[in-house]
J.: 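One structure, pasted below without further comment.
Residue numbers start from 1 in every chain, and the chains themselves are labelled A, B, ... in the order their sequence lines are given, proteins ahead of strands.
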There are 2 protein chains.
Amino acid sequence: MATLLKLQMNENLFLRDPQDTDLGRKIVHHSIQLIDELGLEAFTFKKLSVLIGSTEASIYRYFENKHKTLVYLITWYWTWLEYRIDFEINNIQDPFERLERAIMLITEKKGYDHSFPDVDETALQRIVINEADKTYLTKQVDDDNKYGLFKGYKTLCNRIADIVSEVNPDYPYAHSLVSTCLQAAHQQVFFANHLPSLTDHAGSVEEVYKRNFMFIHELVTKAIQK
Amino acid sequence: MATLLKLQMNENLFLRDPQDTDLGRKIVHHSIQLIDELGLEAFTFKKLSVLIGSTEASIYRYFENKHKTLVYLITWYWTWLEYRIDFEINNIQDPFERLERAIMLITEKKGYDHSFPDVDETALQRIVINEADKTYLTKQVDDDNKYGLFKGYKTLCNRIADIVSEVNPDYPYAHSLVSTCLQAAHQQVFFANHLPSLTDHAGSVEEVYKRNFMFIHELVTKAIQK
DNA sequence: CACAAAATGATAGTAATACTATCACATAGG
DNA sequence: CCTATGTGATAGTATTACTATCATTTTGTG
């Protein structure tokens with residue numbers, strides 16, 4: 001039986017902490033379900049309120065708007081991913097092996113994590129694939145950044161860039177390389193599903209993920225080779 | 001004096017060809033200006049119609065909705081970029097040099113091209129940086145793809161992937177590598193402007209673009225090295 | 001257990017958005 | 001000249017993205 005855990009989230013992501021109440025947890029759980037099902041554009045607080053048998057007004061007490069809700073969910077995912085990387089490479093000494101494990105974790109298909117019963121990580125990974133870029137591709141990106149809304153992503157990126165620098169301290173593009181690979185990790189899956197001529201990954205879902213791991217692993221390895 | 005040119009666009013991108021009439025050209029010209037200024041979310045046909053002294057109804061006769069308008073503009077950019085690559089590498093024999101020129105063209109900051117007087121390529125490049133991913137990150141991506149709306153992007157990607165394969169026919173991820181680099185080419189600029197801890201590119205605008213060229217050039221070169 | 005405080009629900013209302021429809025007017029080409 | 005096409009003017013609708021108010025329920029604390 002897994003230990004129940006709670007990830008610490010930046011307070012500017014919400015008005016009332018959704019992890020603290022029944023309604024809050026319902027909002028998180030069902031917004032994942034509904035964004036996955038409808039996509040961000042068709043997702044509304046009205047539809048969500050009907051789904052969970054509550055009201056728009058109540059949901060607005062937790063999240064300022066649907067954009068902040070998305071940023072919250074996506075940030076939760078990055079924070080969770082960083083936690084999993086930390087956990088897994090904790091007692092590995094060899095920097096290169098640490099890097100390999102990290103690449104494995106960012107490129108693998110996610111399953112349900114029993115430590116977080118309200119979050120369907122499989123659905124959330126699909127949301128990351130389809131919607132994550134929309135968190136920052138807005139006119140308010142600088143404001144949002146000022147309030148620390150992207151700290152989860154930046155911390156994750158820096159964490160992995162540090163490992164890159166452990167392997168090769170002279171490689172000058174560690175951050176660019178990692179942010180590029182984090183992007184490719186989900187973008188290539190999207191392309192394999194919808195615009196297959198933009199990738200070389202084909203076959204079953206498992207094969208796509210496996211091939212994507214090999215592509216990114218090789219890309220990173222060669223890029224930072226001394 | 002430059003020759004005036006017209007890029008052939010997929011007919012499913014519009015209801016009436018905006019390149020054929022005064023109003024159409026005004027719509028293209030000012031939608032670039034307005035999306036650049038307001039961002040896609042705040043851009044509306046109402047605001048555009050006021051700006052060009054026309055009406056919403058008239059604009060709807062050219063484009064089905066603002067999403068299609070964006071796809072049209074972004075596709076125009078990819079088509080233009082491919083034309084420029086073709087033009088520039090036309091009489092270069094060495095595959096590696098052809099590839100280098102292509103990477104230069106996808107990563108360089110764009111200036112105004114007098115062959116297309118209605119299009120402000122500098123503003124359009126900013127739109128590509130901020131909004132391009134939104135063309136396909138939607139629930140209707142498969143429908144849109146069926147109607148050929150992404151052909152411009154796919155053709156460009158394949159064109160460059162072919163050059164990659166000329167340099168190294170055994171590299172198995174030519175398409176993935178190119179789509180990843182096309183993405184990085186604008187994403188890294190966005191990060192340098194708004195989320196600088198996600199890149200290693202800093203300094204003046206010119207330095208950011210130059211460093212990004214070097215990053216991507218090195219990434220590709222090492223990736224496809226035999 | 002009582003009571004105050006906090007959370008939720010019910011309801012209403014508003015400005016803006018994303019369209020669609022209709023009809024009149026302009027004009028451009030054959 | 002006259003017809004077809006394009007454009008403008010105007011109106012209307014359902015939905016969205018909120019905000020506000022007040023009643024009711026739940027909860028934590030003394």
J.: Would you indicate what B:F45 reaches in the nucleic acid, counting non-hydrogen atoms under 4.0 angstrom: base, sugar-phosphate, or nothing?
T.: nothing
J.: Establish, with yes or no, whether the OP1 or OP2 oxygen of D:dT7 is under 4.0 angstrom from a side-chain nitrogen or oxygen of B:R61.
T.: no
J.: Per the ring-ring contact (aromatic ring centres under 6.0 Å, His included) rule, which among B:W78, B:Y77, B:W76 passes with B:Y153?
T.: B:W78
J.: Rounded to the nearest Å, what distance is computed from the CD1 atom of residue A:I59 to the P atom of nucleotide D:dT16?
T.: 13 Å
J.: Do A:M9 and A:Q19 make a side-chain contact, defined as non-hydrogen atoms from C-beta onward lying under 4.5 Å apart?
T.: yes
J.: For A:L23 and C:dA6, what is the distance between atoms CG and C1' respectively, to the nearest whole Å?
T.: 13 Å
J.: Please report, rounded to the nearest Å, how far the P atom of C:dA18 is from the CD atom of B:E41.
T.: 10 Å
J.: I need the CD-P distance between A:E56 and D:dT15, as an integer number of Å.
T.: 13 Å
J.: Please give, in whole Å, the distance from C:dT8 P to A:R16 CZ?
T.: 5 Å
J.: Heavy-atom nearest nucleotide on DNA chain C for B:E64 versus A:D22: which residue maps closer to 5'?
T.: A:D22
J.: Should B:Y62 be listed as having a side-chain N or O under 4.0 Å from OP1 or OP2 of D:dT7?
T.: yes
J.: Classify the angle between the aromatic ring planes of B:F190 and A:Y136 as parallel (below 30°), tilted (30 to 60°) or perpendicular (above 60°).
T.: tilted
J.: Report the residue (A:A57 or A:A42) whose heavy-atom-nearest nucleotide on DNA chain D is the more 5′ of the two.
T.: A:A42
J.: Describe the nucleic acid contact of A:F63 in one word from base, sugar-phosphate, nothing, applying a heavy-atom distance below 4.0 Å.
T.: nothing
J.: Nearest heavy atom decides the nucleotide; on that basis, is B:S54 or A:H67 closer to the 5' end of DNA chain D?
T.: B:S54
J.: Do the rings of A:Y83 and A:F87 sit parallel, tilted or perpendicular, given the 30° and 60° boundaries?
T.: tilted
J.: Can you tell me if B:K46 touches the phosphate of C:dA18, counting only side-chain N or O atoms and a distance under 4.0 Å to OP1 or OP2?
T.: no
J.: Nearest whole Å is fine: how far is D:dT15 P from A:K66 NZ?
T.: 15 Å
J.: Hey, is the side chain of B:K47 poking within less than 4.0 Å of OP1 or OP2 on C:dT17, counting only N and O atoms?
T.: yes
J.: Between A:S176 and B:H201, does a side-chain contact (heavy atoms from CB on, under 4.5 Å) hold up when you go through it step by step?
T.: CA-CA 8 Å; A:S176 292; B:H201 307 342; 3.4 Å; yes
J.: For B:T44, which contact category applies under a 4.0 Å heavy-atom criterion: base, sugar-phosphate, or nothing?
T.: sugar-phosphate
J.: Whole-Å distance between D:dA17 P and A:L48 CG?
T.: 12 Å
J.: Would you kindly give the CG-to-P distance between A:D17 and C:dA7, to the nearest whole Å?
T.: 12 Å
